[in-house]
There are 2 protein chains.
Amino acid sequence: MTKPAGVREAAIPALAEVFREHGYAGASLALLCARAGLGKGSLYHAFPGGKAEMAEAVLDAIGAWFEAELYAPLREEPDPHAAIGRMFHAVKGYFQSGRRACLVGAFALSDDRDRFATRIADYFRAWRDALADALRRAGRDDAAALAEDTVLAIQGGLVLARALDDPMVFGRLLARLETRLNG
Amino acid sequence: MTKPAGVREAAIPALAEVFREHGYAGASLALLCARAGLGKGSLYHAFPGGKAEMAEAVLDAIGAWFEAELYAPLREEPDPHAAIGRMFHAVKGYFQSGRRACLVGAFALSDDRDRFATRIADYFRAWRDALADALRRAGRDDAAALAEDTVLAIQGGLVLARALDDPMVFGRLLARLETRLNG
DNA sequence: CGCCCTCTGTACCGATCGGTACAGCGCCCA
DNA sequence: TGGGCGCTGTACCGATCGGTACAGAGGGCG
């Protein structure tokens, strides 16, 4: 029943961390192998497409995680306020209170964007639209603009928190956003 | 009187564009040379410290431009509303309405941050503090939080606009921010 | 003119890049 | 017990990496 899990899925979190820390260009095969604890042979057996396929797999895994943990609840949870609260909680945990960067956001800023354009766009579009849906069900008439503002502010918060090396910036932002959205 | 200008300053805009598009790791000497229209010899004569010194020079140039065009007016212009309006106008032009990424923000997201930590932090701290100063003079009691929110939102707007490949996202954001700040 | 000093292109360096080839290990199932 | 196969490490590939050495071009000035 349950897939044999495989080297592939087991390696993805480690690969994700390398891409997150060094960017696509900076993530060398040597780094990828070391972090994954695998030789080149194993890595290329699991990802015949090489570095590009590894990055795609990582983006897919991130997208799937956000879809399951954030977007689906935002769309389907009967109580939109609860779903929004859960979103902030998940975001805080995922980004380690601002210490961890957003891989998708980082890719969007460089020319790696072109290579992974649809995955990157889908990630943010799904987030923005799911949040707008929840806000609409919560009775906000400015749902679309507010959702866009929120998603974008989270990305900016990560940039600024890392730039100033001050996770509090991210924490403060999340608090401000949550009161703006949930009252 | 006026410095002989030199190859150095002439090359900086071209170098900046390469770092902006490809990141620090992705900006190879070959790309840097080609875009600057100089051979390795010339480039290393102007920047004996190599790639790292080029990036530092680019960050310094960006910092100086923002200081002169944005931060100083925010601090010194008698009419804070006018200075804030000028800031939005300059930001819109500089980032080409959201089509162009922020080099400093991109560096902040990867591990290049450590290498250029003080320059990156100074860029954002100066911006946030200058804007807070103007807001305080404009009579806002939430000046500090509002300034932080604004700087961070601009960075997030660039991420989201590039991710969705939709410059309108950035334009809408600037409009929203300007009404929030200047009424 | 002849010297010097700034700037330039080119050849070259060892290291590392992403990627491939392949021999063998161990496990599962017949 | 013995194939077969999923997985692994290692050696190797040409290309490119960031950086250096150096010979000369060019202009200013004595």
Side-chain angles (χ1 to χ4, degrees), chain A residues 1-59 61 103 106-107 110-116, chain B residues 1-59 61 103 106-107 110-116:
Chain A
M1 260 300 139
T2 56
K3 279 282 234 7
V7 224
R8 194 175 223 262
E9 347 304 313
I12 286 180
L15 302 180
E17 222 52 43
V18 178
F19 283 123
R20 202 190 307 278
E21 291 170 17
H22 303 276
Y24 184 74
S28 71
L29 268 301
L31 278 171
L32 265 352
C33 286
R35 193 71 76 93
L38 293 172
K40 277 198 203 182
S42 319
L43 218 46
Y44 268 83
H45 180 79
F47 303 91
K51 209 169 128 171
E53 185 176 345
M54 296 178 210
E56 286 168 11
V58 164
L59 287 171
L103 197 163
F107 275 22
S110 78
D111 69 338
D112 306 325
R113 187 201 60 165
D114 303 334
R115 204 189 260 268
F116 308 106
Chain B
M1 260 300 137
T2 56
K3 278 285 230 11
V7 226
R8 195 175 222 262
E9 346 305 311
I12 286 181
L15 301 180
E17 221 52 43
V18 178
F19 283 121
R20 203 190 305 279
E21 290 171 15
H22 304 276
Y24 183 75
S28 70
L29 268 300
L31 278 170
L32 265 351
C33 287
R35 192 71 77 93
L38 294 171
K40 277 198 204 182
S42 319
L43 217 50
Y44 267 83
H45 180 79
F47 302 92
K51 207 170 130 173
E53 186 177 346
M54 297 178 209
E56 286 168 12
V58 164
L59 287 172
L103 198 165
F107 275 22
S110 78
D111 68 338
D112 306 326
R113 186 202 61 165
D114 304 333
R115 203 189 262 267
F116 308 107

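We name chains A, B, ... by the order of the sequence lines, and we start the count at 1 in each one.
To the nearest 0.5 Å, atom CD of residue A:Glu53 and atom CG of residue A:Leu43 are 10.0 Å apart. Between the CG atom of B:Leu15 and the CZ atom of B:Phe47 there is a distance of 5.0 Å, given to the nearest 0.5 Å.
Between the CZ atom of A:Phe19 and the C1' atom of C:dG18 there is a distance of 12 Å, given to the nearest Å. C:dT8 atom P lies 6 Å from atom CG of B:Leu38, rounded to whole Å. Distance B:Leu29 CG to D:dG18 C1': 5 Å, rounded to the nearest Å. Note: CG (A:Leu43) to C1' (D:dG6) measures 15 Å, nearest angstrom. Between A:Leu31 atom CG and D:dC17 atom P there is a gap of 18 Å when expressed in whole angstrom units. Following rounding to the nearest Å, A:Tyr44 (OH) and C:dA23 (P) show an atom-to-atom distance of 21 Å. Distance NE2 (A:His45) to P (D:dG9): 13 Å, rounded to an integer number of Å. Atoms CG (B:Leu32) and P (C:dG9) sit 15 Å apart, rounded to a whole Å.
Among pairs with a residue in residues 18-28 of chain A, those fulfilling salt bridge (charged side-chain N to carboxylate O under 4.0 Å, His left out) read A:Glu17-A:Arg20, A:Glu21-A:Arg35, at least two apart in sequence or across chains.
Side-chain atoms of A:Arg8 and A:Met54, non-hydrogen and from C-beta on, never get closer than 4.5 Å to each other. Inter-residue side-chain proximity for A:Leu38 and A:Cys33 is flagged as unmet; no heavy-atom pair is nearer than 4.5 Å.
Sorted by residue number, the members of residues 47-55 of chain A with any non-hydrogen atom under 4.0 Å from DNA chain C read A:Gly50, A:Lys51.
Phosphate contact (OP1/OP2 of D:dC7, side-chain N/O of A:Ser42, threshold under 4.0 Å): absent.
With sequence neighbours left out, the side-chain contact (heavy atoms from CB on, under 4.5 Å) criterion links B:Ala27 to B:Val18, B:Phe19, B:Leu32.
Residue contacts shown for B:Ala30 are limited to sugar-phosphate atoms, with no base heavy atom under 4.0 Å away.
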